[in-house]
Amino acid sequence: MIVIYPPGHAQHRPPSEIFNGNRDAHAEVPSRIERIKDALAQIPGVEFSPLQRFPVQWLKALHNHRYIAYLSRCSTTGSNAYVYPSVFPYAPGQTTKHAVGMRGQYSFDMYTPVNMATYQAAYESATAALTAASLVRQGAKVSYALCRPPGHHAEYAKMGGYCYFGNAAIAAHYLSGFGRVAVLDIDVHHGNGTQALLYGRADVFTVSIHGDPDYLFPYFTGRAHERGVGKGMGYNLNIPLPLGTTDRTYHTALGHALDAIGGYNPDYLVVSVGYDAHVRDPIGGFKLSSSYYRNIAQSIAALHKPSVLIQEGGYNVEVLGEISSLFAGGFML
Ligand code: Q9C
Ligand code: ZN
């Protein structure tokens, strides 16, 4: 397994997220990725490979160029202070040039602030995903991009859910130049961004298993009736599960997801790996055990598809080392 680590992530460290008018400690902390990196470094058969350079064109393929320019401009402010939206567009298509307005125009929540380090970190995170994809394209069986910030909530022109660029969708788009691609998202939250960025496409099959949006972020998407649009109709599969879901229930859903992916018969697999369905995750609400993450990995690896693993969520820093080594180890069995 080849692991890609984007060093710029450490400079992006939002102190807080705004929830219900309060400032809560931000869950998406740098130590998450450091713990995972340290755990993976202990596993025989894991090697680290440096970030390759990818031009901004790869971001523009899936994201609005004004959105990218906005984030890029934020990196030139010279301020380490994080900015948060206060006002969101109140009718479709509305835009503004006002600085406070733009924060809301390009965001869908108050959990995903921006400072001068965010663009570089998010760019490197997407680059890690692209590097991992290119290594698999060149013949590696499995690569693991330690993406931080995560990506699966980022939309065409909006940050949200701690995400800025759609790392998994960008990797899937890259690989779609070389064959059929399936994306499997096992983060506990619905990957609204991945879904939206690939919704009209039949050359990428998107599958997500997640907490029912009636009870869990991102609330507005992730329902089973969302199956794609136009040519992409039938190429998006959502499997929402209730809060409190255990290994047993999850395993049935995973079986359905993997059967569907097997039926699509992709040339490449992109896996959005979140560890926030773990029983000790502070925000997920699922009850998966650590050892079950080894089973998940083995079940996915049994598809025998060249696979790109993309880090998404997972917020209990105390257990991320254990879960990630079981997952990565399970993939290599
Ligand atoms: N009390 C990912 O897992 N919820 N994003 C905040 C506020 C936001 C999760 C809870 C969850 C975003 C990549
Ligand atoms: Zn998540």
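Note that ligands are numbered from 1 as they come in the structure, with each ligand's atoms numbered from 1 the same way.
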Just jot down the ligand 1 atoms closer than 4.0 angstrom to any heavy atom of [X], in number order.
X	result
His153	2 (C), 5 (N), 9 (C), 13 (C)
His189	2 (C), 3 (O), 9 (C), 11 (C)
Asp276	3 (O)
Gly313	3 (O)
Pro150	13 (C)

Residue and atom, protein N/O/S, under 2.8 Å of the Zn ion (ligand 2): Asp187 OD1, Asp187 OD2, His189 ND1, Asp276 OD2
Structural part of [X] in contact with ligand 1, heavy atom criterion under 4.0 angstrom:
X	result
Glu28	neither
Asp109	neither
Val188	neither

Between [X] and [Y], does any side-chain donor sit less than 3.5 Å from a side-chain acceptor?
X	Y	value
Thr95	Arg66	no
His12	Arg148	no
His26	Tyr162	no
Glu34	His9	yes

From Tyr111, Tyr162, Tyr315, Tyr219 - option closest to atom 3 (O) of ligand 1 by heavy atom: Tyr315
Shortest heavy-atom approach to atom 7 (C) of ligand 1 - which of Glu17, His210, His152, His190: Glu17
Can you give me every donor-acceptor pair (side chain of residues 45-55, partner residue at least two apart or in another chain, under 3.5 Å) with its distance?
residue, atom, partner, partner atom, Å
Gln52, OE1, Ser134, OG, 2.9

Under 3.5 Å: N/O of Glu312 near N/O of ligand 1: no
Geometric cation-pi criterion Arg180 and Tyr264, 6.0 Å radius, 45° cone: yes
Counterpart residues, side chain to side chain donor-acceptor pair (under 3.5 Å), relative to Asn238 (two or more places apart): His190, Gln195, Glu226
Option among Asp281, Ile36, Asn316, Val319 that satisfies the side-chain contact (heavy atoms from CB on, under 4.5 Å) test with Tyr275: Ile36
Exam field: side chain His63 to backbone Gly166, donor-acceptor pair closer than 3.5 Å: yes
Parallel, tilted or perpendicular: ring planes of Phe327 versus Phe331, cut at 30 and 60 degrees: tilted
Tyr174 and Trp58 aromatic ring geometry - parallel, tilted or perpendicular at 30°/60° bounds: tilted
Nearest non-hydrogen protein atom, atom 11 (C) of ligand 1: Phe217 CD2, 3.7 Å
Identity and distance of the protein heavy atom lying nearest atom 5 (N) of ligand 1: Gly161 O, 3.0 Å
Residues 297-306, side-chain donor-acceptor partners within the protein, below 3.5 Å, at least two apart:
residue, atom, partner, partner atom, Å
Ser299, OG, Asn295, O, 2.8
Lys305, NZ, Asn265, OD1, 2.9
Lys305, NZ, Pro266, O, 3.1

